[in-house]
Amino acid sequence: MTPRVRLALALSGWAALLVTALPAGFPLRVVLLAAFLLLGPGAAAVRPVSPRRTDPLDALEGLVLTVAVSLALLALVAEAFYLNHAFTVPRAVGALAALTTLLTLRPRRWPPGRSGGRGAGPGRWSGAPPSAEPPPSAPPDPRLPDPPLPDPLPPDPLPPDRLPPDRPPSPQLFARRLAVRSARHRPARSPRPLVHSPAGPRVAAVGLLLLVAACGGTPAAPGSTPAVTPTPPVGPAPAAVPTDQPAAAGPWHQVFADTFEGTTLDSSRWTTCYDWNNAGCTNGGNHEQEWYLPSQVTVGGGVATLTATRRDTPGTDGGNHPWTSGMISTGRDSWDAQPRETFTYGYFAAALRIPPQGGMFPAFWLLPVTRSAPPELDVAEFPEVTRQVDMNVHWVGVFGNEETAGQSYGPVDFPAGYHVFALDWEPHALTWYVDGVQRWQQTDPQRIPSVAMELIVNLAVGYPGAAPAGPCSVSRGWPAAATAARIRSSTIS
């Protein structure tokens with residue numbers, strides 16, 4: 001690797017860090033980030049040989065090793081930030097850029113006796129000087145004074161059938177000449193290392209260990225449930241949580257509240273599925289991949305925790321769901337039962353903390369008691385994102401079709417702590433708040449529902465896109481947890 005190539009490799013990480021300031025879908029950002037994350041750290045660690053100095057197979061092996069090491073380092077950095085609730089794309093790229101620079105600029109130490117390129121001759125690994133001549137395999141026959149073969153050997157040694165009649169060839173001379181002839185017709189090929197360094201096997205081993213470490217060790221047996229602590233951990237909401245009292249002016253009075261005291265969910269306030277509850281449930285209309293179960297909802301320390309885990313779960317709907325998760329709702333226990341609580345207008349607030357894993361879909365929303373949507377009010381949704389919250393309203397259009405309007409607020413590091421998301425639903429306006437600050441409002445009468453609704457907090461998986469794969473989620477579950485510190489609803493007297 002030439003100095004110019006090394007310098008370009010060291011600068012590639014910082015160029016990738018600069019393009020993170022571009023919009024998420026910008027082509028230049030996508031191309032540069034993908035190229036650096038797949039090749040940069042691994043190339044700095046492995047330093048593969050130039051394709052012009054090796055055969056195609058060696059080049060392919062070097063490329064595979066480069067990508068493997070890059071992905072292993074990327075997984076380690078991402079997991080470290082996730083576990084500390086501090087993951088952002090610029091932070092991860094910055095850490096990898098610094099690592100790439102250090103690996104690229106470190107000095108290369110050659111082994112003793114290594115002179116020249118990949119085709120170096122004898123002694124290239126042992127340290128023996130190239131000119132050292134190996135000892136003869138056997139002493140010459142003392143009875144026949146054969147002249148010694150020159151070094152280098154002549155281009156065409158004399159064959160045995162042309163020796164003088166009085167000079168029969170000795171076995172030693174015949175064997176040596178036969179070996180020379182075979183060597184001329186089939187030149188020996190020196191072994192080539194995979195990378196331009198004797199440390200190539202060690203780098204490969206280190207890359208494999210990094211990948212195993214990122215994957216969390218030994219894979220779980222098929223069908224088993226990994227014992228992993230949900231993230232973020234269950235615990236009391238910090239005292240710094242902003243107030244969830246109505247931010248809008250008016251004579252409000254509280255009609256529903258839960259601060260999740262004790263160790264069990266209050267079944268008089270909540271059910272753990274939709275109205276089509278039948279020993280579990282899911283939202284098939286969205287083609288989601290989770291199966292909601294009561295066991296995925298836990299209460300303790302003033303917090304209700306909804307946990308999603310990658311685990312094949314058969315449902316009573318006849319399907320096999322790759323995830324199991326939790327939800328709470330003020331709705332019914334079954335299709336024909338009565339809902340626990342319904343609301344028409346009011347101020348709805350919840351102190352929530354979303355999981356740090358991207359690709360999940362936590363939401364705080366209201367669904368009509370009639371089970372036919374629209375209308376629908378989404379107080380806070382995080383569709384596969386963690387640094388922005390979506391606020392939406394769905395209504396029936398003029399021609400009976402569903403129409404939607406929405407607004408996003410961010411970027412904010414929402415997984416880092418609890419935030420209060422609220423909606424003021426009144427006959428003349430819909431107003432959304434984040435931490436007591438108004439973020440969006442709708443006043444079009446056609447968009448404001450007037451039907452009774454149920455309150456829902458859930459942690460969906462697999463919508464709107466595919467479920468997250470995780471570093472090694474094929475063999476290890478990836479639990480994600482959304483926590484609710486308190487939920488309240490108030491109405492104007």
Side-chain angles (χ1 to χ4, degrees), residues 244-248 250-258 265-278 281-286 292 297 304 327-350 352 363-381 390-398 400-406 420-433 440-458 460 484 486-493:
D244 56 355
Q245 297 301 318
W252 299 97
H253 70 278
Q254 184 173 285
V255 295
F256 177 85
D258 197 347
L265 189 69
D266 187 348
S267 59
S268 67
R269 292 188 175 103
W270 304 103
T271 183
T272 54
C273 278
Y274 293 109
D275 291 347
W276 46 94
N277 182 355
N278 184 11
C281 61
T282 190
N283 190 345
N286 285 344
Y292 291 115
V297 181
M327 68 168 289
I328 55 177
S329 167
T330 63
R332 305 169 174 88
D333 281 332
S334 62
W335 186 267
D336 298 324
Q338 292 297 317
R340 287 166 171 77
E341 295 283 350
T342 62
F343 311 92
T344 306
Y345 307 123
Y347 188 91
F348 307 88
L352 303 176
F364 171 39
W365 55 299
L366 293 100
L367 180 70
V369 176
T370 59
R371 294 178 287 245
S372 60
E376 177 184 322
L377 294 173
D378 302 323
V379 184
E381 289 187 325
D390 289 353
M391 301 160 281
N392 304 295
V393 57
H394 304 257
W395 71 94
V396 179
V398 177
N401 58 308
E402 178 179 354
E403 296 192 29
T404 303
V420 174
F421 306 95
L423 170 65
D424 179 10
W425 171 24
E426 299 186 39
H428 63 278
L430 295 167
T431 308
W432 282 260
Y433 296 85
W440 190 46
Q441 187 176 63
Q442 289 286 291
T443 57
D444 185 347
Q446 183 185 356
R447 304 182 179 186
I448 302 174
S450 58
V451 299
M453 292 190 170
E454 302 168 355
L455 198 62
I456 300 172
V457 179
N458 67 310
R486 54 181 176 264
I487 300 176
R488 294 180 180 175
S489 175
S490 304
T491 62
I492 295 179
S493 300

Review point. Can you check whether R488's main-chain N or O pairs, donor with acceptor, with Y347's side chain at less than 3.5 Å?
Key: no
Review point. Can you tell if the side chain of F421 reaches within under 4.5 Å of the side chain of M391, non-hydrogen atoms only?
Key: no
Revision key, fill the gap. Sorted by chain and number, sequence neighbours left out, side-chain contact (heavy atoms from CB on, under 4.5 Å) with S372 holds for T370
Review point. For D378, what residues pass the salt bridge (charged side-chain N to carboxylate O under 4.0 Å, His left out) criterion, not counting sequence neighbours?
Key: none
Exercise for review: Please name the pair of heavy atoms, one in R269 and one in A257, separated by the smallest distance, quoted to 0.1 Å.
Suggested key: NE-O, 2.9 Å
Point to revise | Heavy-atom side-chain proximity of I328 to I487 below 4.5 angstrom | key: yes
Practice item. Check whether any side-chain heavy atom of V369 lies under 4.5 Å from a side-chain heavy atom of R332, and answer yes or no. Key: yes
Point to revise | Between E454 and T330: side-chain donor-acceptor atoms closer than 3.5 Å | key: no
Practice item. May I ask you to test the V379-W365 pair for a side-chain heavy-atom distance under 4.5 Å? Key: no
Review point. Is the shortest heavy-atom distance from the side chain of Q442 to the side chain of W432 under 4.5 Å?
Key: yes
Exercise for review: Any chance you could measure Y433, atom OH, to L423, atom CG, to the nearest 0.5 Å?
Suggested key: 9.5 Å
Study note, to complete from the structure: side-chain contact (heavy atoms from CB on, under 4.5 Å) filter on Q446, not counting sequence neighbours, yields W395, V398, D444
Check your understanding: Residues two or more places apart in sequence or in another chain: which of them pass side-chain contact (heavy atoms from CB on, under 4.5 Å) with V451?
Key -> P368, P375, M453
**Study point:** Where A452 and T344 come nearest, the two heavy atoms and their spacing
**Key:** CA-OG1, 3.2 Å
Practice item. Would you please say whether a donor-acceptor pair under 3.5 Å links the side chains of H253 and S490? Key: no
Study note, to complete from the structure: Distance col, row Y345:OH vs D424:CG, nearest 0.5 angstrom, shows 12.0 Å
Point to revise | Side chain proximity check, V393 to W425, heavy atoms < 4.5 angstrom | key: no
Revision key, fill the gap. In this structure, CG of L366 is separated from CZ of F348 (nearest 0.5 Å) by 5.0 Å
Practice item. May I ask you to test the Q254-W252 pair for a side-chain heavy-atom distance under 4.5 Å? Key: no
Revision key, fill the gap. Applying side-chain hydrogen bond (donor to acceptor under 3.5 Å, both in side chains) to S268 and not counting sequence neighbours gives D266
**Study point:** Contact list for residues 335-345, test salt bridge (Lys or Arg N to Asp or Glu O under 4.0 Å), sequence neighbours left out
**Key:** D333-R340
Check your understanding: Roughly how far apart are L377 CG and I448 CD1, rounded to 0.5 Å?
Key -> 9.5 Å
Check your understanding: At their closest point, which heavy atom of G406 faces which heavy atom of N392, and how far apart are they?
Key -> CA-OD1, 3.3 Å
Review point. Just how far is it from atom CH2 of W440 to atom CG of L430, taken to the nearest 0.5 Å?
Key: 8.0 Å
Review point. Should F343 and T491 count as side-chain neighbours, where that means a heavy-atom distance under 4.5 Å?
Key: no
Practice item. Mind checking the CD-CG spacing from E381 to N458? Nearest 0.5 Å is all I need. Key: 8.5 Å
Point to revise | Side-chain donor-acceptor contact under 3.5 Å, W335 with N278 | key: no
Practice item. Check whether the ring centres of W270 and F256 lie less than 6.0 Å apart, and answer yes or no. Key: yes
Point to revise | Short N-O contact, R447 and E403, less than 4.0 angstrom | key: no
Check your understanding: So which heavy atom on A349 is nearest to which on V420, and how close?
Key -> CB-CG1, 4.3 Å
Check your understanding: Which heavy-atom pair separates Y274 from I456 by the least distance, and what is that distance?
Key -> CE2-CD1, 3.9 Å
